[in-house]
Amino acid sequence: MNVDPARQLRAVARMTVSIRLAVSALVLAAILLTAALSSLLWWRTAEAASRQLASTINEQIVAAVRKEVSAIVDEARAAHTAIRTLFLQNVLDTREADKREFVFLSQLQSQATISWVAFGWPDGSFFAAHKLGDRRLEMMEISLTDHPGERRVDEYDVVPGDIEFANRRFEPTDFRVADQAWFKAGLSADDPQWFRVMDHATGERPSIAFAGPIDVYQERQGVLAVIIEYTRLARFLSQLEVGRTGTAFIVDGSGELVAAPDKDADELHPARGDTTLLPLARAALDHAGEAGRKEAWRSRLTSGGAAYEVALTPLPFPGWSLATVIPEAEFLGPVETTLHRLILGLAIGAVLAALASAMLARSVIAAPLSRVVGELRHVEAFALEQVRRHPSRLKEIASLSGAIAEMAAGLSAFRKFIPADLVRGLLRQGVEAKPGGSVQELSVMFIDIAGFTGLSERLGDRVVPLLSRYLDLTSEIIVANGGTIDKFIGDAVMAFWGAPQPQDDHAARCCRAALASRRAIDESGLVDDLGQPLQIRIGINSGRMLVGNIGSELRLNYTVIGDAVNVASRLEGANKSYGTQILIGATTERLARGAVVTREVDSIAVYGREEGLSVHELIGMVNERAVGSIGWIADYERGLAAYRARRFVDALADFEAVLKQRGDDRPAELMRDRCRQLAAAAPDVSWRPVAALASK
C-alpha cells in the first residue's frame, strides 16, 4: 500500500508537543546529577592524592638520575684533572708507555662510569685504555711513524684487586684521531670541554668526551680525552623503578635518544632497551618547547587510547633532559576501580526513579536532535545529498529538520561550483560574502597543457575526457598540498597558497605541488592524439597580492589579483621559450630556499614590463632521490654570472660544460648560442643582460 508523504507529515504535526513539556520529564534526572557530583568530588580528591604520589616517585627518580649524571660528569673531570696534573708536574711523560698505561688503566678501574681514557699526539699518533665490559680491559696504540695503518691491542683480564695480561694482537685500522672533533678542537683550545663522540677506534659507539689540551713547559704535547659511552647510562637507568610498566629516558635537546634502560648494556653490548614509550617523551619535548629544557615540566599525553604522565627535567649536562613516562593506569587504576564500585552503588539506587524520565528524554528529544545534528554535519561537510528529513513529535524539532532539508536542497545545486574546503575556511574566519579583501604575501601557480590549442582543434569534443582527467589529477594534488583552486580557464589551472588559511611555508607547498603535478601527469599515461605523452608547463610566483572576495554585490569570486599574479602567468608562458616545465620567481625561490633545488635560468622582461626579473627553474625538493646529481647547476650559474659580467668566452665554456653533463638542456643551449653571438660582435654600452619576452 502506498503512503502519501505529505499526509504522513501532517499526521505527525498533529501529534507534536511543546519542547517545554518534554523537558519537564527530565526533572527526575536531578537524582542522577546529585550522585554524579558526589562521585566527581570523591574522584577529584582521590586523583589529586594519586597524582601527588606519582609526583613523589618521579622526584625520587629525578634526584637519583641527576646525582648519577653529576657523578659521571665529576668523575670525568676528576680523571682528566688527575692525569693532566701528572703530565704538568712532569711526573709522567706522554711518551712513557709503561707509566702511561698504568695511569690510564688505574683510572678505568677506579672510575666505574668511564669507558675510555685516550690521548692523541700532534703527529696523529693515538693511545687509549678501553673497558670491555666489567671483566676485561684493553690498551691500544696507533702509531703513524712505526706501523701506520695498524693498531696494537693488549687485552687484560680484571681479577680481584688486580689485572692480568691476556693477549696481544695487531690488526689493521683506518681510525685517525686527527679527524676527531675533540682532538681538533683540543689542539687549539685553552681549556677542556665536552664533546659528543660517535666514532672510536673500535667502531661507532655514541658517547660523550671531556677533552682538552696537555701543555708541558708551555709546549703542547697533545689532547687528553676521558670518554663515557651511553651504554653506562643505559645500565644505570635499568636499575630505576619507574612504576611497574613506566620507563625513563635521557634525551638531548633535539629529542635524540641518549639512553634507555638496558641492564645488559656495556662497552661490548650496545644498548637495546625498550623504546616503545620514547615517542611520548619526544612529543613532550615538542609541547614543552624551550620551557621544558630550562625547568621541570609535566603533562598528560595519550597514545594508543591510554593516558600517560610524562615529566621532563633538565639534567646537569648541557642539553640533556630526563623524561619519565608512567602509564596513568598505574596510579589511577585502583582509584578508578573504587570509583566504579561507588558509582554502581549510587546508580542502582537512582536508576529506578530516573529510568522513566531518561527513556522519555532519549526517545522524544535526544534521539531526534542527534539525527538533526547529524544532518547539520552533512551540510557542514557539503555532503548535501546525504541530508534527510526526520519527522518528530516535537514541532520545533520537526520544523528544524524540515528547514535543514530545504536548505540542503537549495545549496546542492551550487556545490560543484564552489570549493567546499574554501567555503569552510571562509566561514571559520568569519569572512562575509561581500566585496572586499586584503593585501597579503602569497604564492600563486598557473598550470596549462603544452600545445593545447592545436590539440583541442584536432580532437574537438573528444578532448573533454582527456582534459577532465588532467584537471582531476592536478586538482587532487593542489588540495592535498593545502592549496586553494582559484579557477579553470580552458586547460589552465590557477591556484594559490597562504589563504584563506595562513601558511608560513606557502612557497614550499606550492613548489611541492608543482613537482607532484608534473610527476602525476608523467605517471598517468595521458597522451595526445599523436600518441605523445602529455606535457604541462607551470609558472609560480610569490609576493604581495590582493586576496578576497572580488566582484560585485551580485557575483563574487574569492581570488587573488596583482602584479605578482600577472608575473606567475607570464612565467608559465616563458617555459615555452626556455624549454622548461616549471619556472618560479625570485621571491618564491627566496621563501622556499632550503626546501627546494633550483637553478637561476635568466633575467627576463616579461610581456608588459621593462625591468628584468630573475627567473629560476624548479628542479626538485631537497633530499628527493629523483633530483640526482646537481653539480651542473653550479656550472650553469657560474656561466650566467660571467654572461652578466660581459665575459662571454668564459660563460660559453661553462654552458658547454653543462651540455656535456646534460645534452638536452635547452636553457644552456640558448645561453650558449647567445654567448657565441655576443662574443663575435661585442654589444654596446647600452646592452643589458635581460631577455625580453615578446608574447604573453
Side-chain angles (χ1 to χ4, degrees), residues 415-422 442-497 509-541 545 550 557-562 564-585 588 604 606-608 615 617-618 666 693-696:
R415 190 182 59 177
K416 290 191 176 181
F417 297 94
I418 305 173
D421 292 336
L422 173 60
L442 310 174
S443 293
V444 63
M445 176 171 68
F446 285 86
I447 310 176
D448 77 353
I449 299 174
F452 181 75
T453 301
L455 176 63
S456 61
E457 290 177 353
R458 294 192 301 270
L459 290 179
D461 59 1
R462 291 181 294 133
V463 79
V464 174
L466 177 66
L467 185 60
S468 178
R469 177 60 177 156
Y470 149 73
L471 293 175
D472 281 344
L473 289 172
T474 55
S475 299
E476 289 174 3
I477 291 170
I478 290 170
V479 172
N481 285 274
T484 298
I485 298 175
D486 187 306
K487 60 177 69 72
F488 300 131
I489 312 169
D491 66 315
V493 181
M494 176 181 173
F496 56 89
W497 278 257
R509 286 172 178 259
C510 185
C511 291
R512 190 177 295 109
L515 292 167
S517 296
R518 181 177 65 183
R519 185 165 53 251
I521 295 298
D522 290 343
E523 295 173 354
S524 67
L526 290 176
V527 296
D528 60 18
D529 58 320
L530 303 178
Q532 297 298 316
L534 203 65
Q535 298 292 321
I536 61 172
R537 300 192 186 103
I538 302 176
I540 297 174
N541 194 37
M545 57 191 74
I550 309 301
N557 182 24
Y558 188 78
T559 185
V560 291
I561 59 175
V565 180
N566 298 334
V567 170
S569 175
R570 302 296 188 266
L571 292 180
E572 180 274 316
N575 282 289
K576 184 175 182 180
S577 300
Y578 287 93
T580 53
Q581 282 192 286
I582 308 176
L583 289 179
I584 67 175
T588 303
I604 66 174
V606 299
Y607 183 81
V615 178
E617 181 185 7
L618 179 60
R666 181 57 181 162
L693 297 183
S695 61
K696 296 183 179 180

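We number each residue from 1, following the sequence as shown.
When all heavy atoms are compared, the tightest approach of Glu572 to Phe446 is CG-O, 3.7 Å. In plain terms, the two heavy atoms of Ala574 and Ile604 that are nearest each other are CB-CD1, 4.2 Å. Of all heavy-atom pairs spanning Ile540 and Leu571, the tightest one is O-CD1, 3.3 Å. Nearest heavy atom pair, residue Leu583 against residue Glu617, reads CD2-CA, 4.0 Å. Nearest heavy-atom pair across Met545 and Leu442 is CE-O, 3.6 Å.
With contacts defined as side-chain heavy-atom distances shorter than 4.5 Å, the pair Ile447/Tyr470 qualifies. Counting only heavy atoms from C-beta outward, the side chains of Asn566 and Asn541 never approach each other to under 4.5 Å. Looking at Val565 and Phe496, their side chains never come closer than 4.5 Å, going by heavy atoms from C-beta outward. The shortest side-chain heavy-atom distance between Leu526 and Leu466 falls under the 4.5 Å cut-off.
Among residues two or more places apart in sequence or in another chain, the salt bridge (Lys or Arg N to Asp or Glu O under 4.0 Å) test is passed with Arg509 by Asp505. Asp472 pairs by the salt bridge (Lys or Arg N to Asp or Glu O under 4.0 Å) definition with nothing, not counting sequence neighbours.
In this structure, the separation between CG on Asp522 and CZ on Arg518 is 7.0 Å, given to the nearest 0.5 Å.
Judged purely by atom type and a 3.5 angstrom limit, Ser524 uses its side chain to pair as donor or acceptor with the backbone of Ile521. The main-chain N or O of Gly483 is never found under 3.5 Å from a side-chain atom of Asn481 such that the two would form a donor-acceptor pair. One N or O on the side chain of Asn575 and one on the backbone of Ile582 form a donor-acceptor pair closer than 3.5 Å. Without hydrogens or angle criteria, Ser517 side chain to Ala513 main chain gives a donor-acceptor distance under 3.5 Å.
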